[in-house]
Amino acid sequence: MKLVFAIVSKDDSAVVSAALTQDGFFVTKLASSGGFLKAGNATLMICTDDCRVEELVKTVKLYCKKRVQTVQSEPSEESEFIPYNIEYSVSGATIFITNVERFEKI
């Protein structure tokens, strides 16, 4: 068994969760936020058999798109700094796959 953590944009989370559920995966969705861009994310937790991991990853890749996000720079206290917009390329998803020693659904 594997436990997959997929950190996805909050904009993609509903469609990804629905697609995974339709494919027969049991998905737990947690609200989360990133530290760098401070943007809202969703962390999806999915436990699955080893043989279905690639199918799961393929579904996440299909529905999570890379995007450009604009963030306003923050002024420094020591300088007279004029804020400006900075564009960052944000990945579609970050996926962690771990081994599960034991899994029970009660």
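Partners of Thr59 by side-chain hydrogen bond (donor to acceptor under 3.5 Å, both in side chains), not counting sequence neighbours, listed by chain and number: Asp23. For Phe96, the side-chain contact (heavy atoms from CB on, under 4.5 Å) partners at least two apart in sequence or on another chain are Phe5, Ile7, Thr94. Taking the side-chain contact (heavy atoms from CB on, under 4.5 Å) definition, one finds that Ser17 meets it with Val27, Lys29, Leu44, sequence neighbours left out. Ala18 is linked by a side-chain contact (heavy atoms from CB on, under 4.5 Å) to nothing, counting only residues two or more places apart in sequence or in another chain.
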Identify every side-chain donor-acceptor pair in residues 99-106 under 3.5 Å, counting partners at least two apart or on other chains, and give the distances.
unit_1: Asn99; atom_1: OD1; unit_2: Lys2; atom_2: NZ; d: 2.3
unit_1: Arg102; atom_1: NE; unit_2: Glu104; atom_2: OE2; d: 2.6
unit_1: Arg102; atom_1: NH2; unit_2: Glu104; atom_2: OE2; d: 2.1

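The shortest side-chain heavy-atom distance between Val4 and Thr98 does not fall under the 4.5 Å cut-off.
Taking a cutoff of 4.0 Å between a charged side-chain nitrogen and a carboxylate oxygen, Arg52 and Glu55 qualify as a salt bridge.
No path of Ile, Leu, Val, Met, Phe, Trp and Tyr side chains, each step under 4.5 Å between heavy atoms, connects Ile97 with Leu30, placing them in separate hydrophobic clusters.
In this structure a side-chain-to-backbone donor-acceptor pair under 3.5 Å is missing from Asn41 to Ser9.
Considering Ile95, Asp12, Val15 as possible partners of Cys64, the one that fulfils the side chain to side chain contact (heavy atoms under 4.5 Å, CB included) test is Asp12.
Within a 6.0 Å radius of OH in Tyr63, other residues, nucleotides and ligands contribute 12 heavy atoms or fewer.
Note that CG of Leu3 and SG of Cys47 are 5.5 Å apart. Values are rounded to the nearest 0.5 Å.
Of all heavy-atom pairs spanning Val8 and Ala93, the tightest one is CG1-CB, 3.9 Å. Contact detail for Ile46 and Phe26: the closest heavy-atom pair is CG2-O, 3.6 Å. The nearest pair of heavy atoms linking Met1 to Asp50 is N-OD1, 3.0 Å.
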